[in-house]
J.: 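Here it is: the structure, laid out below.
Here is the naming used below: chain letters follow the sequence lines, and residue numbers restart at 1 for every chain.
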Amino acid sequence: MSFTLATWNINSVRLRAGLVEKLMREEAPDILCLQECKSPVEKIPREAFEALGYRWMVARGQKGYNGVAIFSKLPMQEARAEDWAQMGHARHIAGQLENGVTIHNFYVPAGGDIPDREQNEKFGQKLDFLTHMRDDFRAAPPEKSILVGDLNIAPREDDVWNHKQLLKIVSHTPIEVDHLAQVMEGGDWVDVTRKDIPEGLLYSWWSYRAKDWDAADKGRRLDHVWATPDIANAAHGSRVLRDARGWEQPSDHAPVFATFDL
DNA sequence: ATGACTGTTATAAACAGA
C-alpha cells in the first residue's frame, strides 16, 4: 500500500476549517495531522472533513490553546495520548493504521522568548517535554512508526534564514537542538524530510509580523516528519506546500508532506 | 536593536505564539 501524509499547524481549526477543506480537496493527503487546533474535540467541525472522505479522526483538545488531531481516509484507531510534561495540555495524539503503522502527532511547547529556564519557566517546560519524549522512546523503542508535528525547533543551519542571528532565538538555540537530537536518537528516528531533501534552505513557518513574508523569506523549519528505520526507506516525495502560507487569512505554518510505500 | 501580527477569550490596560 501507499499513503501520503501531511502535517500542518493550522492555528485554529475552526477559524480555518475552510483552508483545511481546501487542502483536503486540492492535495488530498490520505492522512492529515493538525496542531494548534485551539478547540475542544467536540467543537472540531469534523462533518465537513468526513464529507471529503476523512472518515476517521483521533484528537485531543482544550479550550483556546494547543490541540492536536489526525484526520484519515484510512481506518485509524486511537493508539495513545500523553501529557508529556504533566502540564494539562493537549499536545500529543497517536493513531494506528490497520497495517500496524503508528502515527504520532506532536505539538511541542514554543518555549517563550528568553532561552533560559531560570528566567523563563516556559523554556524549562519545553526542554522537559523533550526530555520526557526522549525517555519514553528509550524505554519502549518505537517500530513501524511515524512522528510528525510542530516540534518548534529548527535544528539545522539551513533550517533557518540566518543561523548566526538565530543562535540565541528560541527555536534554534544549541540546547534545544541538542534536546531534539536526543529525542531523535532515543527512538532511532530518521528525519524523512531531510532524507528526501538533504540540501538547501527549507522552511515551514514564516512570521505574521513581516510586511511581506514571501519577499523577506525569513523562515524556519519547525514542522517535521520522522520515521523509524524499518519504514523510513519507504518514504519519498517530501515537500513543503509553501503556497498555503499565501492563502487568504493563512496559518503562519505551511503543510509538510511525505509519501510512504509499504 | 526594535517592532512588526494573529488567535482566543476573563472581550483587555491580557495572554500566547516563536
J.: Please measure how far the P atom in B/dT2 lies from the corresponding atom in B/dA12, and state the result in whole Å.
T.: 30 Å
J.: What nucleic acid atoms does A/I169 come within less than 4.0 Å of, heavy atoms only: base, sugar-phosphate, or nothing?
T.: nothing
J.: DNA chain B: A/N11 or A/H253, which has the more 5' nearest nucleotide?
T.: A/N11
J.: Report the nucleotide, chosen from B/dT8, B/dT6, B/dA18, that has the shortest atom-to-atom distance to any side-chain atom of A/R16.
T.: B/dT6
J.: Between A/E121 and A/K126 (salt bridge meaning N to carboxylate O under 4.0 Å), is one present in this structure?
T.: no
J.: By nearest atom, which of the nucleotides B/dA18, B/dT9, B/dG7 is closest to the A/Q249 side chain?
T.: B/dG7
J.: Counting the atoms with a prime plus P, OP1 and OP2 as sugar-phosphate, which does A/F123 contact under 4.0 Å by heavy atoms, base, sugar-phosphate, or nothing?
T.: nothing
J.: So what does A/D212 hit on the nucleic acid, given a heavy-atom distance under 4.0 Å: a base, only sugar-phosphate, or nothing?
T.: nothing
J.: Measure the distance from CD1 on A/I10 to P on B/dT6 and round it to the nearest whole Å.
T.: 16 Å
J.: Is it the case that A/K22 places NZ or CZ above or below the six-membered ring of A/W247, under 6.0 angstrom from the centre and within 45 degrees of the axis?
T.: yes
J.: Identify whether the distance between the nearest side-chain nitrogen and carboxylate oxygen of A/K218 and A/D212 falls below 4.0 Å.
T.: no
J.: Between A/Y208 and A/W213, is the ring centre distance below 6.0 Å?
T.: no
J.: Scan A/N66 against the nucleic acid and name what it touches under 4.0 Å (heavy atoms): base, sugar-phosphate only, or nothing.
T.: nothing
J.: Expressed in whole Å, how much space separates the P atoms belonging to B/dT9 and B/dG3?
T.: 29 Å
J.: Kindly label the base of B/dA14 as syn or anti, based on whether its glycosidic torsion lies within 90° of 0.
T.: anti
J.: Using the C1' atom as the reference point in each nucleotide, state the distance between B/dC5 and B/dA10 in Å, no decimals.
T.: 23 Å
J.: Syn or anti for B/dA4, with syn set at within 90° of 0?
T.: anti
J.: Could you tell me whether A/R91 contacts a base, only the sugar-phosphate backbone, or nothing, with contacts defined as non-hydrogen atoms closer than 4.0 Å?
T.: sugar-phosphate
J.: Any chance the rings of A/H253 and A/W8 have centres within less than 6.0 Å?
T.: no
J.: Toward the 5' end of DNA chain B, which comes first, A/A110 or A/Y208, by nearest nucleotide?
T.: A/Y208
J.: Using a cut-off of less than 4.0 Å, is there contact between a side-chain N or O of A/K63 and OP1 or OP2 of B/dC15?
T.: no
J.: Hey, does the side-chain of A/R209 have a donor or acceptor N/O within less than 3.5 Å of a partner on the base of B/dG17?
T.: yes
J.: NA contact type, A/K211, heavy-atom cut-off 4.0 Å: base, sugar-phosphate, or nothing?
T.: nothing
J.: Using purine N1 to pyrimidine N3 plus N6-O4 or O6-N4 for Watson-Crick, or N1-O2 and O6-N3 for G-U wobble, each under 3.5 Å, what pairs with B/dC15?
T.: B/dG7
J.: Determine the interatomic distance between C1' on B/dA1 and the same-named atom on B/dT6; round to the nearest Å.
T.: 23 Å
J.: So, does A/K122 get its side chain near the phosphate of B/dA16, meaning an N or O under 4.0 Å from OP1 or OP2?
T.: yes
J.: A side-chain contact here means heavy atoms from C-beta on lying under 4.5 Å apart; do A/R14 and A/P45 qualify?
T.: yes
J.: Rounded to whole angstrom, note down the P distance from B/dT11 over to B/dA16.
T.: 16 Å
